[in-house]
Amino acid sequence: MRRIVVLTGSGISAESGIATFRDTGGVWAKYDFREVATSEGFAANPDLVHEFYNLRRHGLRAVEPNPAHFALAKLERELKVIGGLLTLVTQNVDDLHERSGSQNVLHMHGELLKSRCGDCEETFDQTDNLSVETKCMSCGAIGAIRPDVVWFGEIPRHMGETLTAIEKADLFVSIGTSGAVYPAAGFVAAARRAGAACIELNLEPSENACLFTDSRYGMAGEIVPQWVDETLAGFA
Ligand code: BV8
């Protein structure tokens with residue numbers, strides 16, 4: 001149990017005050033994902049998409065990591081001390097894993113605090129608002145800058161590294177995700193095929209709960225630190 005892959009979703013950031021997507025009153029209850037999280041939606045109404053991401057990017061200034069984020073950073077540090085390895089893959093585009101001390105975070109759906117030029121593909125750190133007037137600092141194009149996130153129909157990032165880590169994992173842990181979005185939702189099946197133990201830590205059973213060999217349900221801020229401490233105690 002020294003090689004662990006953890007997949008996180010928006011549920012791990014919920015107690016920090018960041019809205020999840022599919023819970024009651026969540027992001028997709030307020031926005032149509034086809035309008036704000038697809039390249040077609042961006043082409044049709046870039047102002048709406050920029051507003052959607054500007055609000056979320058700005059919202060990051062008001063939130064802090066919660067105990068679940070800090071627990072995963074502790075797991076990464078202490079696993080390294082005993083020669084183990086944590087691969088942390090997140091569907092989240094917030095920076096709370098980094099701000100809690102996690103060193104190696106694979107953002108498979110991109111990052112709110114980055115932007116990318118649709119013309120020259122250059123990427124930039126991004127804290128200010130984007131608009132159709134934003135000029136690319138690299139190629140000078142105006143209106144080509146977009147949030148550096150992965151929209152529906154686009155290819156997720158770090159897939160090779162993630163699937164290789166899953167193939168070698170002793171343990172796959174899914175935290176705070178509904179299991180509604182692929183390919184992330186397919187990772188547990190890949191982990192089972194690779195012979196890894198699979199545990200789900202979530203508020204309630206996800207759509208692929210039946211594929212997990214163990215599960216704990218509750219608030220991430222409570223159940224994740226408990227699970228991390230028990231897991232590390234088991235290595236002592
Ligand atoms: C792709 C943008 C091809 C960034 C997002 C089969 C195979 C492959 C693809 C597909 C397939 N079937 C359909 C597809 C297409 C599609 C898809 O999955 N559609 C769904 C709707 C059916 N997938 C794609 O288009 C992906 N690209 O397939 O390319 C490909 C495939 C493989 C290999 C190469 C190429 C791209 C998907 C990425 C889309 N972008 N967001 C942004 O704006 O944020 S997705 C969006 O959903 C977010 O990124 C979010 O992270 C993600 C998943 O949502 P969750 O994080 O799980 O959030 P949710 O609200 O759903 O659930 C929260 C959970 O937390 C709940 O269970 C809740 O109970 C729990 N919770 C709440 N509070 C707490 C808690 N748990 C603990 N404590 C709490 N306090």
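We count ligands from 1, going down the list as the structure has it; atoms in each ligand are counted the same way. Counting begins at 1 with the first residue of the sequence.
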(Q) What I'd like to find out is whether the side chain of Ser39 reaches to under 4.5 Å of the side chain of Phe152, using heavy atoms alone. (A)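 A side-chain contact under 4.5 Å is absent here.
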
Q.
Measuring only between side-chain heavy atoms, which start at C-beta, is Ser174 closer than 4.5 Å to Ser206?
A.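 No, every pair of side-chain atoms sits at 4.5 Å or beyond.
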
Give a yes or no on whether the backbone of [Y] and the side-chain of [X] come within a donor-acceptor separation of less than 3.5 Å.
{"X": "Asp47", "Y": "Ser131", "value": "no"}
{"X": "Lys30", "Y": "Gly25", "value": "yes"}
{"X": "Glu76", "Y": "Gln103", "value": "yes"}
{"X": "Asn208", "Y": "Ala185", "value": "yes"}
{"X": "Asn202", "Y": "Thr177", "value": "yes"}

(Q) Is there a path of hydrophobic side-chain contacts, each under 4.5 Å between heavy atoms, that joins Ile175 and Tyr217? (A)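 No; tracing contacts between hydrophobic side chains, which count when under 4.5 Å, never links both residues.
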
Taking heavy atoms and a distance under 4.0 Å, where does [X] meet ligand 1: side chain, backbone, both or neither?
{"X": "Leu203", "answer": "both"}
{"X": "Tyr53", "answer": "side chain"}
{"X": "Ala180", "answer": "backbone"}

Would you mind checking which non-hydrogen protein atom is closest to [atom], with the distance to 0.1 Å?
{"atom": "atom 30 (C) of ligand 1", "value": "Pro156 CD, 4.2 Å"}
{"atom": "atom 73 (N) of ligand 1", "value": "Ala14 CB, 3.6 Å"}
{"atom": "atom 33 (C) of ligand 1", "value": "Met159 CE, 4.2 Å"}
{"atom": "atom 46 (C) of ligand 1", "value": "Arg22 NH2, 4.2 Å"}
{"atom": "atom 27 (N) of ligand 1", "value": "Glu154 O, 2.7 Å"}
{"atom": "atom 74 (C) of ligand 1", "value": "Gly11 O, 3.5 Å"}
{"atom": "atom 37 (C) of ligand 1", "value": "Val181 CG1, 3.6 Å"}
{"atom": "atom 57 (O) of ligand 1", "value": "Thr177 OG1, 2.6 Å"}

Which ligand 1 atoms does [X] reach within 4.0 Å, using its non-hydrogen atoms?
{"X": "Gly9", "value": "56 (O)"}
{"X": "Gln91", "value": "49 (O), 51 (O), 52 (C), 53 (C)"}
{"X": "Glu15", "value": "78 (N), 79 (C), 80 (N)"}
{"X": "Met219", "value": "78 (N), 80 (N)"}
{"X": "Gly176", "value": "63 (C), 64 (C), 65 (O), 76 (N)"}
{"X": "Pro183", "value": "32 (C)"}
{"X": "Val93", "value": "4 (C), 44 (O)"}
{"X": "Thr20", "value": "60 (O), 72 (C)"}

Touching ligand 1 at all, [X]? Heavy atoms, strictly under 4.0 Å?
{"X": "Gly153", "answer": "yes"}
{"X": "Ala37", "answer": "no"}
{"X": "Arg56", "answer": "yes"}
{"X": "Gly218", "answer": "yes"}

Any donor-acceptor N or O pair under 3.5 Å, side chains [X], [Y]:
{"X": "Thr8", "Y": "His97", "answer": "yes"}
{"X": "His107", "Y": "Glu98", "answer": "yes"}
{"X": "Asn66", "Y": "Ser16", "answer": "yes"}
{"X": "Asp94", "Y": "Ser13", "answer": "yes"}
{"X": "Glu200", "Y": "Ser215", "answer": "no"}

When you measure from [atom] to each heavy atom in [options], which option holds the nearest one?
{"atom": "atom 26 (C) of ligand 1", "options": "Trp28, Tyr182, Phe33, Phe21", "answer": "Tyr182"}
{"atom": "atom 34 (C) of ligand 1", "options": "Ile155, Ile175, Val36", "answer": "Ile155"}
{"atom": "atom 5 (C) of ligand 1", "options": "Asp23, Thr90, Leu7, Val150", "answer": "Val150"}

Q.
Could you measure the distance from the CZ atom of Phe52 to the CG atom of Asp32? Nearest 0.5 Å is fine.
A.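 Going from CZ on Phe52 over to CG on Asp32, the span is 10.5 Å.
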
(Q) If I take atom CG from residue Leu88 and atom CG from residue Leu7, how far apart are they, to the nearest 0.5 angstrom? (A)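 These two atoms lie 9.0 Å from each other.
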
Q: Give a yes/no verdict on a cation-pi contact between Arg34 and Trp151, requiring under 6.0 Å between NZ or CZ and the six-membered ring centre and an angle within 45° of the axis.
A: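 No.
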
Q.
Does the protein place a non-hydrogen atom closer than 4.0 angstrom to atom 15 (C) of ligand 1?
A.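 So far as the 4.0 Å threshold goes, atom 15 (C) of ligand 1 is out of reach of every protein heavy atom.
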
Q) Within the structure, does at least one protein heavy atom fall under 4.0 Å of atom 20 (C) of ligand 1? A)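 Yes; the ligand atom in question has protein heavy-atom contact below 4.0 Å.
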
Q.
Please find the pair of heavy atoms, one from Leu60 and one from Asp95, that lie closest to each other, and give the distance.
A.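 Closest heavy-atom pair between Leu60 and Asp95: CD1-OD1, 3.9 Å.
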
Q. For ligand 1, is there an N or O atom under 3.5 Å from any N or O atom of Ala220?
A.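 Between Ala220 and ligand 1, an N or O pair is found under 3.5 Å apart.
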
Q: Please determine if Trp151 has a nitrogen or oxygen closer than 3.5 Å to a nitrogen or oxygen of ligand 1.
A: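 Trp151 vs ligand 1: no N/O contact under 3.5 Å.
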
